[in-house]
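Report on the following structure.
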Amino acid sequence: MREAASVLATTTIVTLMFSLGLGLKPYPFLLLRDRPAFLWRVLLGTGVLVPLAGLALVLLPLHGQLSRPAWVAMALMLACPSAPLILFRVRSSGGTAELAARLQIGAALLAIVTVPLMEVIFRAAAGLRGWEVAGWGISPGQVAGQVLKVQVLPVVAGVLLGQWQPGLASRCSRSLGALATVLLIVMLVALLLLSGRQLLPFLQQNLVGLAGMAVLSAVSLAIGYALAGPDPLERRTVALVTGMRNTGLAAQLALSYGKGLAGLIPGLLAYVLITVIVTTLFLRWQQRQLAPSG
């Protein structure tokens with residue numbers, strides 16, 4: 001069951017990233033030409049500042065009160081940017097979907113550097129605090145290889161095909177996007193079935209960890225909101241880009257390299273649930289904030 005879930009997670013994230021690359025038009029890197037400072041500010045915010053802030057504000061202060069599975073689950077979610085469903089969340093909330101897509105592709109490409117870097121930093125922090133990250137057998141090179149294989153190459157392939165055969169890419173993009181969404185839902189259901197018996201005990205035994213996850217979600221949203229600039233729609237969009245983490249990539253890494261760490265998958269599912277709740281509250285607050293100007 002675990003091996004099947006791992007294959008499903010890999011297939012899901014590859015399909016999502018490829019469909020994202022196919023659907024991005026026109027030329028996907030205009031932000032790098034027109035607004036380089038904004039682009040790098042947001043990408044470094046979601047890929048570096050969010051995980052480091054989470055480490056400094058939550059993980060290290062709570063290190064003695066968190067179980068290993070909760071600690072590693074939170075670290076994994078913090079380290080993995082470019083959430084697969086960010087475009088759907090942005091569209092439904094009235095944000096700027098094209099901006100979110102460009103930022104998501106940038107974060108996906110940059111992740112080949114930032115995710116291994118965060119793995120080194122988090123492992124060092126855990127060691128410095130007396131933690132033994134048992135059951136987590138992965139090196140920075142393996143992290144980079146996984147990110148390249150399941151995220152960077154599919155995005156690049158989609159972008160290149162979209163530039164070479166725009167008509168074909170346009171026809172395939174919507175269908176693949178729908179397929180990817182279905183696969184993501186199936187993957188989450190599979191993870192729930194895989195860890196169903198462990199989920200409720202995890203929630204009951206990790207109340208401090210759940211509170212920490214809520215704080216991390218709020219901090220991630222706040223960082224994006226602060227980095228975006230004065231435009232209200234861009235603030236909403238960038239906050240969602242930084243606040244929503246890449247569940248598919250985190251699950252793929254956990255299933256491949258965290259086999260000896262019981263409770264890790266329930267930790268990821270708990271983080272996803274709390275992120276949904278926190279972002280929903282954020283969007284409701286945003287609606288009230290934007291109502292007078294509307």
Side-chain angles (χ1 to χ4, degrees), residues 7-47 80-115 144-187 224 228 233-234 236-238 240-242 244-252:
V7 172
L8 178 60
T10 301
T11 304
T12 300
I13 194 67
V14 168
T15 306
L16 281 164
M17 292 297 108
F18 183 64
S19 66
L20 174 64
L22 282 179
L24 193 62
K25 53 186 181 183
Y27 186 60
F29 302 111
L30 289 178
L31 276 178
L32 186 60
R33 184 194 70 185
D34 298 336
R35 303 175 65 187
F38 171 81
L39 175 65
W40 284 110
R41 185 169 72 241
V42 174
L43 293 187
L44 292 176
T46 189
C80 294
S82 185
L85 285 183
I86 185 65
L87 297 185
F88 302 98
R89 193 67 162 163
V90 168
R91 288 192 186 105
S92 65
S93 68
T96 308
E98 186 69 14
L99 174 62
R102 296 177 190 278
L103 294 174
Q104 187 181 6
I105 279 198
L109 298 175
L110 193 62
I112 195 171
V113 175
T114 61
V115 176
Q146 288 297 103
V147 174
L148 176 67
K149 180 175 68 175
V150 305
Q151 186 156 295
V152 175
L153 290 180
V155 164
V156 172
V159 170
L160 292 178
L161 181 58
Q163 299 301 315
W164 179 46
Q165 292 287 344
L168 175 63
S170 178
R171 290 192 297 272
C172 294
S173 176
R174 187 176 297 274
S175 299
L176 279 177
L179 174 61
T181 303
V182 172
L183 287 174
L184 185 61
I185 295 171
V186 172
M187 183 196 76
L233 289 181
E234 287 193 356
R236 175 185 292 187
T237 300
V238 175
L240 291 174
V241 168
T242 59
M244 297 180 65
R245 313 307 288 173
N246 195 331
T247 307
L249 180 59
Q252 201 273 338

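In what follows, every heavy atom counts, from backbone to side chain, and hydrogens, waters and symmetry copies are set aside.
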Between CD1 on residue Ile13 and OG on residue Ser82, distance to nearest 0.5 Å: 7.0 Å
Side-chain donor/acceptor of Thr46 to backbone N/O of Val42, under 3.5 Å: no
Distance in Å, Leu103 CG paired with Leu39 CG, rounded so as to fall on 0.5 Å steps: 6.5 Å
Leu44 CG to Leu110 CG distance, which is reported to the nearest 0.5 Å: 6.5 Å
Contacts of type side-chain hydrogen bond (donor to acceptor under 3.5 Å, both in side chains), residue Thr242, not counting sequence neighbours: none
Point-to-point distance, once rounded to the nearest 0.5 Å, from OG1 of Thr237 to CD of Gln104: 12.5 Å
Val115 and Pro81, any side-chain heavy atoms less than 4.5 Å apart: yes
Sequence-distant partners of Val113, side-chain contact (heavy atoms from CB on, under 4.5 Å), two or more places apart: none
Side chain to side chain contact (heavy atoms under 4.5 Å, CB included) between Val182 and Ile185, intermediate numbers included: CA-CA 5 Å; Val182 172; Ile185 295 171; 5.8 Å; no
Residues which pass side-chain contact (heavy atoms from CB on, under 4.5 Å) with Val14, listed by chain and number, not counting sequence neighbours: Thr10, Val150, Pro154
Considering all heavy atoms, the nearest Leu22-Cys172 contact: CD1-CB, 4.1 Å
Partner residues of Thr12 under the side-chain contact (heavy atoms from CB on, under 4.5 Å) criterion, sequence neighbours left out: Leu8, Leu16, Leu183, Leu184, Met187
Partner of Met17 by side-chain contact (heavy atoms from CB on, under 4.5 Å), out of Val155, Leu153, Val156: Val155
Nearest heavy atoms of Ala108 and Gln151, plus distance in Å: CA-NE2, 3.2 Å
Contacts of type side-chain contact (heavy atoms from CB on, under 4.5 Å), residue Ala228, not counting sequence neighbours: Arg235, Val238
